[in-house]
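Sequence positions, counted from 1, serve as the residue numbers for this chain.
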Amino acid sequence: MIKINTELKLGLSDYALTAYISLAANHPVNGSQLSRQSGIPRARIYDVLETLSAKGFVIESSKGMYTPIPSEELIRRMRQDFEAVLSSLEERLRNAEQKPEKDVIWTIKGYAAAMGKAKEMIDKAKNEIYIRMSPEEGHHLDSKLMIAESRSVQVKYISMKPGPQIFKFQIIHPCPEPCEQNSNTRFFDIVVDKKEVLCGMFIEGDEEGSVINWGQNKRFVLSGRDSLRHDFHYFLHKVQNDKKELTQKENELYEFIQKDV
């Protein structure tokens with residue numbers, strides 16, 4: 001007996017699907033023969049055949065003898081029916097659904113879910129991405145960011161640890177004093193197109209238990225973006241703390257960030 005909760009999944013009962021599969025393997029047969037070869041109780045077999053016949057999945061090819069339609073035709077019809085039902089449901093939901101509340105800040109729990117949301121945001125980006133993260137997250141997102149940059153999205157990248165210079169606008173976040181090398185948290189922030197922000201921190205060793213915030217609230221988004229923009233204070237740190245001169249490229253980047261409001 002087929003047991004896959006077919007009535008919910010396919011619109012057919014387990015008995016109906018079992019009867020069709022048995023008929024496909026051996027036909028034409030009468031009700032008694034089908035009951036024996038399928039294991040469906042004889043008291044139920046004719047109701048099942050009536051259901052299959054009404055749906056057009058089985059025909060009475062001669063008096064009391066039943067034959068199934070070809071399996072590819074069965075699948076084609078069922079797929080067509082389900083696509084029509086889903087399209088109708090999609091339209092009704094679209095008409096009934098309240099517009100998302102943009103003032104709400106949502107929480108996303110778990111590393112995989114947070115990385116999935118970040119990838120979705122990067123893929124949708126049209127103009128700019130501000131991002132601050134550690135190499136652990138870069139391992140998952142750098143390739144997506146490079147693709148975004150290749151389609152002329154401005155990627156403004158702040159790495160929390162030293163790493164390769166792979167983006168046009170990229171700095172390494174200066175380590176605070178005293179340098180927190182043993183911190184068990186990793187900051188993660190991404191702001192896309194001044195429209196949405198994903199931010200929070202991952203706890204080392206408990207990434208799946210970490211909670212990240214996501215939202216489209218305008219003040220929340222612009223506040224996050226401004227924080228990342230000001231994180232390019234690396235230049236001031238270099239001049240004031242390290243007493244070093246900026247290179248030409250660094251000066252160009254500094255001037256760009258100053259104007260990037």
Are any non-hydrogen side-chain atoms of L198 and F188 less than 4.5 angstrom apart?
yes
Check: D14 main-chain N/O paired with T18 side-chain donor or acceptor under 3.5 Å:
yes
For the atom pair OG (S53) and CD1 (I59), what is the distance rounded to the nearest 0.5 Å?
9.0 Å
Non-hydrogen atoms of N127 and D193 that approach each other most closely:
N-OD1, 2.8 Å
If I compare all heavy atoms of P28 with all of T67, which pair ends up nearest, and what's the gap?
CB-OG1, 3.4 Å
May I ask whether W106 and I108 are part of the same hydrophobic cluster, defined by side-chain heavy atoms of I, L, V, M, F, W, Y residues being less than 4.5 angstrom apart, directly or through others?
yes
For side-chain contact (heavy atoms from CB on, under 4.5 Å), just list the numbers for V221 and K195, CA-CA rounded to whole Å, side-chain angles, deciding distance to a tenth of an Å, and then say yes or no.
CA-CA 6 Å; V221 171; K195 291 181 178 178; 5.7 Å; no
Any sub-3.5 Å donor-acceptor pair from E149's side-chain atoms to V153's backbone N or O?
no
Dump the intermediate steps for side-chain contact (heavy atoms from CB on, under 4.5 Å) on I21 and S38, then the final yes or no.
CA-CA 8 Å; I21 293 173; S38 66; over 6 Å; no
Sidechain-backbone polar pair: E91 side chain, S88 backbone, donor-acceptor under 3.5 Å:
no
Just wondering, are more than 12 heavy atoms of other shown residues or ligands nearer than 6.0 Å to CZ in R151?
yes
For the residue pair D189 and Y130, establish whether any side-chain heavy-atom pair is separated by less than 4.5 Å.
no
Please tabulate, for the side chains in residues 112-121, all donor-acceptor contacts under 3.5 angstrom to protein atoms that are two or more places apart in sequence or on a different chain.
| unit_1 | atom_1 | unit_2 | atom_2 | d |
| --- | --- | --- | --- | --- |
| K117 | NZ | E120 | OE2 | 3.0 |

Using every non-hydrogen atom in the two residues, find where R42 and S32 come nearest and quote the distance to one decimal.
NH2-OG, 2.8 Å
If you take all heavy atoms of S35 and P41, which pair is closest and at what distance?
OG-C, 3.7 Å
Give the minimum heavy-atom separation between K144 and I122, together with the two atoms involved.
O-CG2, 3.6 Å
Between Q37 and N26, does any side-chain donor sit less than 3.5 Å from a side-chain acceptor?
yes
Salt bridge or not between E128 and R225? Use side-chain N to carboxylate O under 4.0 Å.
yes
Answer yes if F57 and Y46 sit in the same cluster of Ile, Leu, Val, Met, Phe, Trp and Tyr residues linked by side chain heavy atoms under 4.5 Å apart, and no otherwise.
yes
Point-to-point distance, once rounded to the nearest 0.5 Å, from CZ of R94 to CG of L89
10.5 Å
Apply side-chain contact (heavy atoms from CB on, under 4.5 Å) to H173 and K161, showing your working.
CA-CA 7 Å; H173 192 287; K161 297 176 185 176; over 6 Å; no
dist D226:CG -> K194:NZ (nearest 0.5 Å) comes out at 10.5 Å
State the CD-OG distance between Q33 and S22, to the nearest 0.5 angstrom.
10.5 Å
Apply side-chain hydrogen bond (donor to acceptor under 3.5 Å, both in side chains) to residues Y15 and D47 and explain how you reach the verdict.
CA-CA 10 Å; Y15 277 158; D47 288 339; over 6 Å; no
Given the rule in the salt bridge (charged side-chain N to carboxylate O under 4.0 Å, His left out) test, do E196 and K124 qualify, once you have shown the distances and angles that lead to the verdict?
CA-CA 11 Å; E196 58 181 326; K124 290 192 306 181; 3.6 Å; yes
For the pair V155 and F169, evaluate side-chain contact (heavy atoms from CB on, under 4.5 Å) and give the outcome as yes or no after the intermediate values.
CA-CA 6 Å; V155 176; F169 305 117; over 6 Å; no
Do I105 and L228 sit in the same hydrophobic cluster, where Ile, Leu, Val, Met, Phe, Trp and Tyr count as joined when their side-chain heavy atoms come under 4.5 Å apart?
yes
Hey, is R76 close enough to E72 for a salt bridge, meaning N to O under 4.0 Å?
no
Would you say H27 and M65 make side-chain contact, with heavy atoms under 4.5 Å?
no
Can Q170 and K168 be counted as having a side-chain donor-acceptor contact under 3.5 angstrom?
no
Any donor and acceptor pair, going by atom type alone, linking the side chain of Y20 with main-chain N or O of I69 inside 3.5 Å?
yes
Looking only at atom types and distance, does a side-chain atom of R79 sit under 3.5 Å from a main-chain N or O of L74, one as donor and one as acceptor?
no
I131 side chain near K156 side chain, heavy-atom distance below 4.5 Å
no
Decide yes or no for E137 and F202: does some side-chain heavy atom of the first lie under 4.5 Å from some side-chain heavy atom of the second?
yes
Has R132 got its NZ or CZ under 6.0 Å from the middle of the six-membered ring of F187, at an angle within 45 degrees of the ring axis?
yes
Value for CG (D142) from OG (S159), rounded to nearest 0.5 Å, stands at 8.5 Å
Do E208 and I203 have side chains that get closer than 4.5 Å, going by heavy atoms?
no
Contact check, side chains of L145 and I129, non-hydrogen atoms, under 4.5 Å
yes
Please determine whether residues M160 and F167 belong to a single hydrophobic cluster, defined as Ile, Leu, Val, Met, Phe, Trp and Tyr linked transitively by side-chain heavy-atom distances below 4.5 Å.
no
Using the side-chain hydrogen bond (donor to acceptor under 3.5 Å, both in side chains) criterion, which residues pair with E207? Sequence neighbours excluded.
R186
Heavy-atom distance under 4.5 Å between the side chains of I40 and L34, does that happen here?
no
Hey, any chance M201 and I190 share a hydrophobic cluster, counting ILVMFWY side chains that come within less than 4.5 Å of each other, even indirectly?
no
Which heavy atom of G138 sits nearest a heavy atom of Y157, and at what distance?
CA-OH, 4.1 Å
